[in-house]
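Below is one structure, written out as structure tokens; comments come after it.
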Amino acid sequence: MLNRPQSILDRSMNLFADIRTLVLSSLNDMQTAGTLPADLDFANVAVEPPRDALHGDMATNAAMVLAKPARANPRAIAEGLAELLIADDRIISADVAGPGFLNLRLSPELWQNVIPVAVTAGADFGRSSMGAGLKVNVEYVSANPTGPLHVGHTRGAVFGDALASLLDFAGYNVTREYYINDGGAQVDVLARSAYLRYLEANGQQVEFVDGTYPGDYLVDVGVALKEKYGDSLVDKPESEWLADLRLFATEQMMDLIRADLDLLGIKMDSFFSEKSLYGTGLIEGAINDLDAKGLIYEGVLEPPKGKEPDDWEPREQTLFKSTEHGDDVDRPVKKSDGSWTYFAPDIAYHFDKVQRGFDQLIDIFGADHGGYVKRMKAAVSALSEGAVPLDIKLTQLVKLYKDGEPFKMSKRAGTFVTLRDVVDQVGPDVTRFVMLTRKNDAPLDFDFAKVQEQSKDNPVFYVQYAHARINSVLRKADELGVSAQTGDLSSLTHDGEMTLIKKLAEWPRLLELAAKHNEPHRVAFYLYELAGDLHALWNMGKEAHEVRFLQDDTTITGQKLAMISAVKATLAAGLGILGVTPIDEMR
RNA sequence: GCACCCGUAGCUCAGCUGGAUAGAGCGCUGCCCUCCGAAGGCAGAGGUCUCGCGUUCGAAUCGCGACGGGUGCACCA
């Protein structure tokens, strides 16, 4: 997806960026003319949609931002700037308002011009070169390979995947990665549980005591084990089968997880195994690197405060001086018996990411991992000497409801609702969209009945419906032998049309902001608003027949079809990022 | 006890990282609707942005301190 037709990239998609460029060059002219001092930082100069449409099309805060450093009256700067801007034929009016806002009104042609750009680009409309090909690693899901994915994983999976797509769309070179926690004690538990299912397959009665996984999903593994080993492992001591079963069961679980991800259309670029870090010198290498930086020492930690653990006693162990990189306390990398803590392979894994040459790292964790954020950031900061930023996004809990009642059961897993349960109920598109209609750090209520409702308060339906509506009009137009034409668009001047067109023009800017902040939910909210503007225009057509899309005059119809085609392209682009299929027809 | 996240309309949530009179959906109230083009439309009421101090031309947004809610605080992964 890196080689895009130049013609698309060359055309300016972002009208707000264009006008900002104009503002900046005018400010430069003022410097040349001596109206403004030479040494000014324009980084904070913004060109934005105004909060109130009555104020104009765009507003810039340039005068207010520069007033202090330039030691000048903001309104005076604004007036000087207005004079220069108005000379550009794209600007119809430039009015100073309030404390020094400069409200700009743009020519309708300029707005209308977004239509051919969107129509030509199609689902690539808004694609940006902002990321400049920087290599970003997005690590997400990374669930223990001990069972099927559950709802909590689902949110992380959807969020990570949409974020990866968003960054790709914004011009980053993205790698989607899954870290397989196949090195620790939980895999022993898995192997023992699989062994019980194996015994069961061999006709024995077994009991799942505490510390084993009772879920049905291991039944098949037991059967597969019987096929492979017959009864040769029955009554054998653990030491004879544990290693083999760890491997076997982990592979089976990863197949299960891959199948779960597949249900949501998620394809990882890379799976990284924790196990591969052991016995290969990679952990030692990473710790040595920290040691060489003077960040490893032998010491004794203070007891945890406020918890009064009864079994706590001071012990000397190998510690990482994470406090030098912003953590609250130093963290152990080795246990007192000399073996690695779980943190050590995590350090090695992130060291490996740094060494693979990524410019940025992003980890998606569940909210219950909030406690690891600081230490992971400290590790990456130390290992990369501050060169590689690590952003960690925590996804909050998902609360499931059915008709307003909390919903907790799962047939397959016994104790939790699986990803498959959810997708089977509502489908991948609804699952994905709903999970993205909230900021990642806000809890999410997911009501099975509500998300399938066909009404305005269901954003999934509302956005899909807009896409289908456009499609239905285009189909009808096709039957009438009329098609979109993007040459002259001067008939599109109605308020409702201009509102819609201006919303379209915001898309490239919004996309870049969403990518900059790693917030895919902004795309979902934008699509809802865009769909709302389209539906509003449609409804206006009941009264004002001149805004209906299909008119007797085929020239005018062609222009309107171009407009809704542009909306369709934008919806497709946005839904594509969210990983939701735009539908052509409501059933 | 400490750290992180959150606190915006009756409810569920946005609010573009400091801008103008704080928005949407639901719910409520009142009108309208059988439409190329079903799964609705328009309007209205509803706010001390938890509270207090501070930073400045300007704060829901930034800082500090309270208060309230969530999560986490091991040699577990």
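Only heavy atoms go into these numbers, but all of them, side chains included; no hydrogens, no water, no symmetry mates. Reminder, nothing fancy here: chain letters follow the sequence lines and each chain counts from 1.
Both distances falling under 3.5 Å, in either a Watson-Crick or a G-U wobble arrangement, place B:rC67 opposite B:rG7. Base pairing annotation: B:rG47 forms no Watson-Crick or G-U wobble pair, as no partner gives both donor-acceptor distances under 3.5 Å. Pairing of B:rC36, defined by two Watson-Crick or G-U wobble distances under 3.5 Å, is not identified with any nucleotide. For B:rC62, the paired base is B:rG54 (Watson-Crick or G-U wobble, both distances below 3.5 Å).
Among the heavy atoms of the strands lying under 4.0 Å from A:A97 is at least one base atom, whether or not backbone atoms are also near. When heavy atoms are screened at a 4.0 angstrom cut-off, A:N440 is found touching no nucleic acid atom at all. Within 4.0 Å (heavy atoms only), A:M540 reaches no atom of the nucleic acid at all. A:P99 comes within 4.0 angstrom of a base, heavy atoms only. A:A59 comes within 4.0 angstrom of a nucleotide base, judged by non-hydrogen atoms across all strands.
In this structure, B:rU17 is classed as syn because its glycosidic torsion stays within 90° of zero.
You won't find any donor-acceptor pair under 3.5 Å spanning the side chain of A:N61 and the base of B:rA20, going by distance alone. Looking at A:Y462, its side chain has no donor and acceptor atom pair within 3.5 Å of the base of B:rC26.
For A:Y528, counting side-chain heavy atoms from C-beta on, the closest listed nucleotide (B:rC36, B:rA24, B:rC57) is B:rA24. Here the nucleotide nearest the side chain of A:K542, chosen from B:rC35, B:rG19, B:rC6, is B:rC35. Across B:rU56, B:rC76, B:rG37, the shortest atom-to-atom separation from the side chain of A:Y342 is found for B:rC76.
Within residues 464-478 of chain A, the residues having any heavy atom closer than 4.0 Å to RNA chain B are, in order of number, A:Y465, A:R469, A:K476.
Where stacking is scored as ring centres under 5.5 Å apart with planes under 30°, A:H55 registers as stacked on the base of B:rA20. By the 5.5 Å and 30° criteria, A:F101 is not stacked with the base of B:rG19.
The aromatic rings of A:F343 and A:F320 sit tilted, their planes meeting at an angle between 30° and 60°.
Of the side-chain N and O atoms in A:K68, none sit less than 4.0 angstrom from OP1 or OP2 of B:rG18.
In this structure, A:D337 places its CG atom 14 Å from C1' of B:rC76, rounding to the nearest Å.
A:K450 NZ: 12 or fewer foreign heavy atoms inside a 6.0 Å radius.
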Close N or O pairs between protein and nucleotides 62-64 of chain B (under 3.5 Å):
none

When you compare the protein's N or O atoms with those of nucleotides 13-16 of chain B, which come within less than 3.5 Å of each other, and at what distance?
unit_1 : atom_1 : unit_2 : atom_2 : d
B:rA14 : OP1    : A:K439 : N      : 3.3
B:rG15 : OP1    : A:H521 : NE2    : 3.3
B:rC16 : O2     : A:R509 : NH1    : 2.9

